Novice: 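This is the structure, below, for whatever I ask next.
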Protein chains: 2
Amino acid sequence: MITKGLEDYLEIIYNKISSDKDIKAVDIAHEFNVARSSVSEALIRLADMNLIIYEGRKGIKITPEGKIEAQKIIKKHKILSDFFSEILGIDLAVSEENACKIEHVINEEVIEKIKVFTDFCIEKSINKQFRKTNDNDK
Amino acid sequence: MITKGLEDYLEIIYNKISSDKDIKAVDIAHEFNVARSSVSEALIRLADMNLIIYEGRKGIKITPEGKIEAQKIIKKHKILSDFFSEILGIDLAVSEENACKIEHVINEEVIEKIKVFTDFCIEKSINKQFRKTNDNDK
DNA sequence: GTCTATAGTAAGGCAGACCTAACAAAATGT
DNA sequence: ACATTTTGTTAGGTCTGCCTTACTATAGAC
C-alpha cells in the first residue's frame with residue numbers, strides 16, 4: 001500500500017511533470033526539506049510499486065498507474081484547498097498547507113460532500129455573505 | 001513533542017475518565033485493536049511526558065497538563081465532527097472516523113474558521129437548505 | 001487457599017520515514 | 001582537460017508504532 005509519505009512524493013512528481021519539465025531528486029529534497037538520501041529511498045520504493053520510472057540522473061517519469069494515483073490525491077487537495085480559501089476565506093498558503101496534510105487521511109465520502117457543498121456555497125454566494133459577517137465581527 | 005498516536009491514547013483516556021470511571025490498558029487495546037504491549041509502551045511514554053500518571057494495575061490518571069492537551073484535541077474533534085454531520089449531513093460514524101484522523105493534522109486557524117462557519121451555517125439554516133438541494137439531486 | 005483467567009511487562013522484531021557521513025559519477029566552470 | 005561542484009547511492013543509525021511470544025503478578029472462582 002502507498003503510504004502518506006509516498007503520496008506526497010508522487011504528488012509533487014506529478015505536479016512538476018505536468019506543469020513544466022523534469023524533476024530531479026534533489027529538487028524534491030529541497031521542496032520537502034529532507035536529505036537527498038531520503039528522497040532516493042522513496043523514489044526507489046515508488047518505482048518498486050510501479051508508480052514511477054526512476055533511472056537516477058536520467059530522470060523521473062510517471063507511469064499510467066502513478067498518474068491515476070496522483071490525480072486522486074491532487075483532486076482531494078484541490079477540493080480542500082478551495083474550500084478553505086474560497087469558502088472559509090483562509091489565505092492560500094495556510095489552505096495549501098492544511099490541504100497537504102488532510103488529503104492523506106480524509107475519506108472519499110467526506111471529500112465528495114465538501115466539493116458539492118463548496119459549489120453550493122459559491123452558487124448561493126454564501127462565501128461572500130460569510131466573509132461579510134466575519135469582517136464585521138473583527 | 002506529542003505524536004498523533006499518543007494524542008489518540010490521551011484522548012480516549014480523557015474521555016473515559018471524564019465520562020465514567022477508570023480505564024485500563026487492556027480496554028484501550030480493545031478500543032484501538034492493538035496489542036496490550038503496544039498500549040503499555042504508549043502509556044509509559046505519556047507518563048514520561050507528564051500527561052498521565054500510570055501505575056500499572058493501579059490505574060491511569062490524567063495530569064492537569066494532560067487534561068489541557070486532551071481538551072485541545074477533543075475540541076478539534078468536536079468542531080470537525082459537528083461540521084461533517086450537521087452541515088455536510090454525513091452520518092455520525094463516518095464523521096467521527098474522519099474527525100479522528102484530521103484532528104491530528106489540522107491547524108488552529110482552520111479549525112477556528114470551521115467553527116465560526118458552522119455556527120454561521122446553522123444560524124442561517126444553510127445546512128437545511130443544503131440538504132434539500134442535495135436530496136433533490138439524487 | 002489454590003488455581004485459572006486476566007492484566008501488564010519485557011524482549012526481540014519489523015516497517016516507515018527520517019538522519020549523517022562517505023563515496024561515486026556526472027555536469028560545469030575555467 | 002582538469003578541478004570543482006552537484007547529484008545520487010550506500011551504509012549505518014534513530015525514532016515511532018506496531019507486532020508476537022513468553023513471562024509475572026494479581027483478582028476472582030471455587
Side-chain angles (χ1 to χ4, degrees), chain A residues 1-14 16-17 20-62 66 69-70 73 97 100-105, chain B residues 1-14 16-17 20-62 66 69-70 73 97 100-105:
Chain A
M1 237 303 263
I2 191 163
T3 62
K4 292 170 203 195
L6 293 187
E7 281 187 356
D8 279 327
Y9 286 111
L10 189 60
E11 192 179 358
I12 196 178
I13 291 166
Y14 178 87
K16 288 277 170 182
I17 286 180
D20 20 283
K21 39 253 144 193
D22 309 326
I23 184 165
K24 284 179 293 180
V26 71
D27 301 333
I28 301 175
H30 289 146
E31 189 96 12
F32 290 161
N33 249 297
V34 295
R36 292 197 308 280
S37 57
S38 306
V39 177
S40 192
E41 283 168 30
L43 294 181
I44 289 165
R45 283 210 291 139
L46 283 173
D48 283 348
M49 300 168 93
N50 259 302
L51 297 172
I52 63 168
I53 295 160
Y54 180 50
E55 296 166 297
R57 278 158 222 268
K58 279 183 211 156
I60 303 168
K61 271 166 245 160
I62 200 157
E69 217 41 64
I73 305 158
E97 180 206 323
C100 260
K101 291 180 286 180
I102 298 170
E103 69 193 17
H104 304 299
V105 297
Chain B
M1 236 304 263
I2 190 162
T3 61
K4 293 169 203 197
L6 292 186
E7 281 187 355
D8 279 328
Y9 286 111
L10 189 60
E11 192 178 357
I12 196 178
I13 290 166
Y14 178 86
K16 287 278 170 181
I17 286 180
D20 20 283
K21 40 253 146 193
D22 310 325
I23 182 163
K24 284 179 294 181
V26 71
D27 301 333
I28 301 175
H30 289 146
E31 188 96 13
F32 290 159
N33 248 297
V34 295
R36 292 198 308 280
S37 57
S38 306
V39 177
S40 192
E41 284 168 31
L43 295 181
I44 289 166
R45 282 209 293 140
L46 283 173
D48 283 348
M49 300 169 93
N50 259 302
L51 298 172
I52 62 168
I53 296 160
Y54 181 49
E55 297 166 298
R57 276 159 224 268
K58 279 182 211 155
I60 302 168
K61 271 166 245 158
I62 199 157
E69 217 42 63
I73 306 158
E97 180 205 324
C100 259
K101 290 181 287 180
I102 298 170
E103 69 193 18
H104 304 299
V105 299

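Note on naming: letters A, B, ... go to the chains in the order of the sequence lines (proteins, then strands), and numbering restarts at 1 for each one. These figures come from a predicted structure and were not determined experimentally.
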Novice: Quickly work out the A:K24 NZ to D:dT7 P distance and round it to whole Å.
Specialist: 4 Å
Novice: Without decimals, in angstroms, what is the distance between B:D8 CG and D:dC18 C1'?
Specialist: 14 Å
Novice: Of all residues at least two apart in sequence or in a different chain, which pass the side-chain hydrogen bond (donor to acceptor under 3.5 Å, both in side chains) check with B:E69?
Specialist: none
Novice: Separation of B:I23 atom CD1 from C:dA7 atom P, in whole Å?
Specialist: 13 Å
Novice: Is there a donor-acceptor contact under 3.5 Å from the side chain of B:K101 to the main chain of A:V105?
Specialist: yes
Novice: Over how many whole Å does the gap from B:D22 atom CG to C:dA7 atom C1' extend?
Specialist: 14 Å
Novice: Whole-Å distance between D:dT6 C1' and A:I28 CD1?
Specialist: 16 Å
Novice: End-to-end bend of the helix from C:dG1-D:dC30 to C:dT30-D:dA1 (five-pair axes, 10° rounding)?
Specialist: 10°
Novice: Might you point out which heavy atoms bring B:I62 and B:A70 nearest each other, and give the distance in Å?
Specialist: CD1-CB, 4.4 Å
Novice: Whole-Å distance between C:dG8 C1' and B:D27 CG?
Specialist: 13 Å
Novice: What pairs of nitrogen or oxygen atoms, one from the protein and one from nucleotides 24-27 of chain D, lie under 3.5 Å apart?
Specialist:
unit_1: D:dA25; atom_1: N3; unit_2: B:R57; atom_2: NH2; d: 3.1

Novice: With A:E7, which residues qualify under salt bridge (charged side-chain N to carboxylate O under 4.0 Å, His left out), at least two apart?
Specialist: none
Novice: Take A:H104 and A:T3 through the side chain to side chain contact (heavy atoms under 4.5 Å, CB included) test and state the conclusion after the steps.
Specialist: CA-CA 9 Å; A:H104 304 299; A:T3 62; over 6 Å; no
Novice: Is there side-chain contact between B:K61 and B:I13, with heavy atoms separated by less than 4.5 Å?
Specialist: no
Novice: Under 3.5 Å, which N/O atoms of the protein pair with N/O atoms of nucleotides 9-18 of chain C?
Specialist:
unit_1: C:dT9; atom_1: OP2; unit_2: B:S40; atom_2: OG; d: 2.3
unit_1: C:dT9; atom_1: OP2; unit_2: B:Y54; atom_2: OH; d: 3.0
unit_1: C:dA17; atom_1: OP1; unit_2: A:T3; atom_2: OG1; d: 2.4
unit_1: C:dA17; atom_1: OP1; unit_2: A:G5; atom_2: N; d: 3.3
unit_1: C:dA17; atom_1: OP2; unit_2: A:T3; atom_2: OG1; d: 3.0
unit_1: C:dA17; atom_1: OP2; unit_2: A:R45; atom_2: NH2; d: 2.1
unit_1: C:dC18; atom_1: OP2; unit_2: A:Y9; atom_2: OH; d: 3.1
unit_1: C:dC18; atom_1: N4; unit_2: A:E41; atom_2: OE1; d: 3.3
unit_1: C:dC18; atom_1: N4; unit_2: A:E41; atom_2: OE2; d: 3.3

Novice: Determine, stepwise, if the pair A:K4 / A:I73 fulfils side chain to side chain contact (heavy atoms under 4.5 Å, CB included).
Specialist: CA-CA 10 Å; A:K4 292 170 203 195; A:I73 305 158; over 6 Å; no
Novice: With a cut-off of 3.5 Å and sequence neighbours excluded, list every side-chain donor-acceptor pair involving residues 27-56 of chain A.
Specialist:
unit_1: A:D27; atom_1: OD2; unit_2: A:K24; atom_2: N; d: 3.0
unit_1: A:H30; atom_1: ND1; unit_2: A:V26; atom_2: O; d: 3.4

Novice: Given side chains that start at C-beta, do those of A:L10 and A:I2 come closer than 4.5 Å, heavy atoms only?
Specialist: yes
